[in-house]
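Comments concern the structure below.
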Amino acid sequence: MKLVVVAAIGVAAISILNCCFIIRRVKKQISEMTEALTDVKNGNGNRRILSATNELVAPLVYEINDIVVSYENRLSIFHQTEETNRQLMTSLSHDVRTPLTTLIGYLDAVHKGIVSGKDREDYIETAHRKAHDLKEYIDVLFDWFKLNSNEFAIELQTVEAAELTRDILIDWIPIFEDKQIEYRVDIPEQPFRVCLDTDGYMRIINNLIQNVVAHSHAEKIEIAMSKKNNHMEIVIADNGIGMEKEDLKHIFERLYKCDKGRSDKGSGLGLSIVHQLVEKMNGTISAKSTQGSGTTFTLLFPLVS
């Protein structure tokens with residue numbers, strides 16, 4: 001009987017010691033959590049709390065680590081947005097103020113009678129062109145702001161994309177002819193039923209063609225539509241100056257401008273808008289380019305069965 005009592009006391013003592021050890025370990029880990037969270041609060045988002053999977057506080061530790069990772073990701077996105085906004089404001093100050101100042105200068109010269117005759121007509125024509133360039137830039141800017149706001153909503157509906165694309169391209173033919181750009185359009189007679197936002201799709205095609213006309217210095221442009229597996233494929237190719245490999249990696253990024261592939265008046269937002277719109281319509285866009293030989297953009301949209 002005494003042996004049983006002694007054994008029981010021994011087991012109880014061991015249990016108490018184990019409990020004390022667990023309590024000390026938990027207290028130490030809570031202290032480590034407090035230090036880690038203070039560290040995170042002070043800006044160290046890389047701090048993590050360590051714990052074995054079989055420990056009492058393991059679920060809590062893992063949850064805290066997940067929260068810290070989420071916090072760091074959100075903070076990174078915030079900093080990226082902040083930097084983008086800073087770049088955008090810098091771009092705005094140059095890309096809006098500069099042409100606006102020039103425009104005012106030309107109009108003032110005409111208004112004050114500083115120029116006359118043929119020079120006056122040239123000044124008015126230049127002012128007219130710069131006003132249109134400025135409007136184009138502002139339109140692109142508003143498109144970008146709308147796309148990146150919570151108020152933007154895409155309205156997808158099944159449309160016949162072949163006919164819609166023809167309607168869009170008709171308006172470009174006089175521009176191609178005026179710019180002396182040889183064009184080839186290959187759109188089959190068969191219908192292509194695709195789920196699209198009509199206005200967004202028009203913006204995609206127009207932005208891509210505008211990119212060719214304004215920045216590529218191309219003499220030829222080819223636009224072709226075809227069926228590829230269960231998708232509608234649209235290829236827009238030119239024989240312009242093309243892009244370097246490094247530029248090609250970044251062309252869909254906001255505010256990115258190729259050193260040689262874009263002129264100074266480019267906003268750096270047009271292709272970013274295209275990329276966002278394509279994704280919102282469940283499509284994909286890719287680009288291939290060889291410097292000195294031209295650029296090819298390929299769009300894919302799922303066909304509606």
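No hydrogens, no waters, no symmetry mates; every other heavy atom, side chains included, goes into these values.
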What are the two closest non-hydrogen atoms of [X] and [Y], and how far apart are they?
X: L103; Y: A127; value: CD1-O, 3.1 Å
X: C195; Y: V304; value: N-CG2, 3.6 Å
X: F252; Y: A287; value: CZ-CB, 4.4 Å
X: N239; Y: K220; value: OD1-N, 2.8 Å

Mind checking the [atom1]-[atom2] spacing from [X] to [Y]? Nearest 0.5 Å is all I need.
X: I154; Y: Q276; atom1: CD1; atom2: CD; result: 10.0 Å
X: H217; Y: I181; atom1: NE2; atom2: CD1; result: 11.0 Å
X: E155; Y: D199; atom1: CD; atom2: CG; result: 8.5 Å
X: T165; Y: I170; atom1: OG1; atom2: CD1; result: 11.0 Å
X: L196; Y: N282; atom1: CG; atom2: CG; result: 9.5 Å
X: I236; Y: N211; atom1: CD1; atom2: CG; result: 10.0 Å

Other residues, nucleotides and ligands only: do more than 12 of their heavy atoms fall within 6.0 Å of [atom1] on [X]?
X: R166; atom1: CZ; value: yes
X: Q180; atom1: CD; value: no
X: D167; atom1: CG; value: yes

Evaluate the side-chain proximity of [Y] to [X]: yes if any heavy-atom separation is below 4.5 Å, no if none is.
X: I205; Y: L299; result: yes
X: H231; Y: T284; result: no
X: R203; Y: N207; result: yes
X: V235; Y: E222; result: no
X: M225; Y: M232; result: yes
X: F301; Y: V278; result: yes
X: Y201; Y: V159; result: no
X: K280; Y: D197; result: no

Take I234 and L208, measure what side chain to side chain contact (heavy atoms under 4.5 Å, CB included) needs, and give me the verdict at the end. CA-CA 11 Å; I234 300 174; L208 289 174; over 6 Å; no
Report task. Could you walk me through whether F192 and L303 pass the side chain to side chain contact (heavy atoms under 4.5 Å, CB included) test, one step at a time? Result -> CA-CA 7 Å; F192 286 77; L303 289 167; 4.0 Å; yes
* Might you work through the side chain to side chain contact (heavy atoms under 4.5 Å, CB included) test for H128 and Y106, ending with a clear yes or no? => CA-CA 10 Å; H128 180 264; Y106 278 102; over 6 Å; no
Applying salt bridge (Lys or Arg N to Asp or Glu O under 4.0 Å) as the test, list every pair that has at least one member in residues 210-219; sequence neighbours left out.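 Salt bridge (Lys or Arg N to Asp or Glu O under 4.0 Å) check on residues 210-219 returns no pairs.
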Answer yes if L277 and L300 sit in the same cluster of Ile, Leu, Val, Met, Phe, Trp and Tyr residues linked by side chain heavy atoms under 4.5 Å apart, and no otherwise.
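No, no single cluster joins them.
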Does L107 belong to the same Ile/Leu/Val/Met/Phe/Trp/Tyr cluster as I114, with side-chain heavy atoms less than 4.5 Å apart forming each link?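 Per the 4.5 Å side-chain linkage, L107 and I114 are not co-clustered.
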Checking side chain to side chain contact (heavy atoms under 4.5 Å, CB included) between L164 and each of V194, T198, L169, which is the one that passes?
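The passing option is T198.
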Could you pull out all residues at least two apart from T295 that satisfy side chain to side chain contact (heavy atoms under 4.5 Å, CB included)?
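D238, M243, S289, F297.
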- Query: Between N206 (side chain) and M202 (backbone), is there a donor-acceptor pair under 3.5 Å?
  - Reply: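 Checking the backbone N and O of M202 against the side chain of N206, a donor-acceptor pair under 3.5 Å is found.
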Exercise for review: Go through V185 and I173 one step at a time and tell me if the side chain to side chain contact (heavy atoms under 4.5 Å, CB included) criterion holds.
Suggested key: CA-CA 10 Å; V185 177; I173 291 175; over 6 Å; no
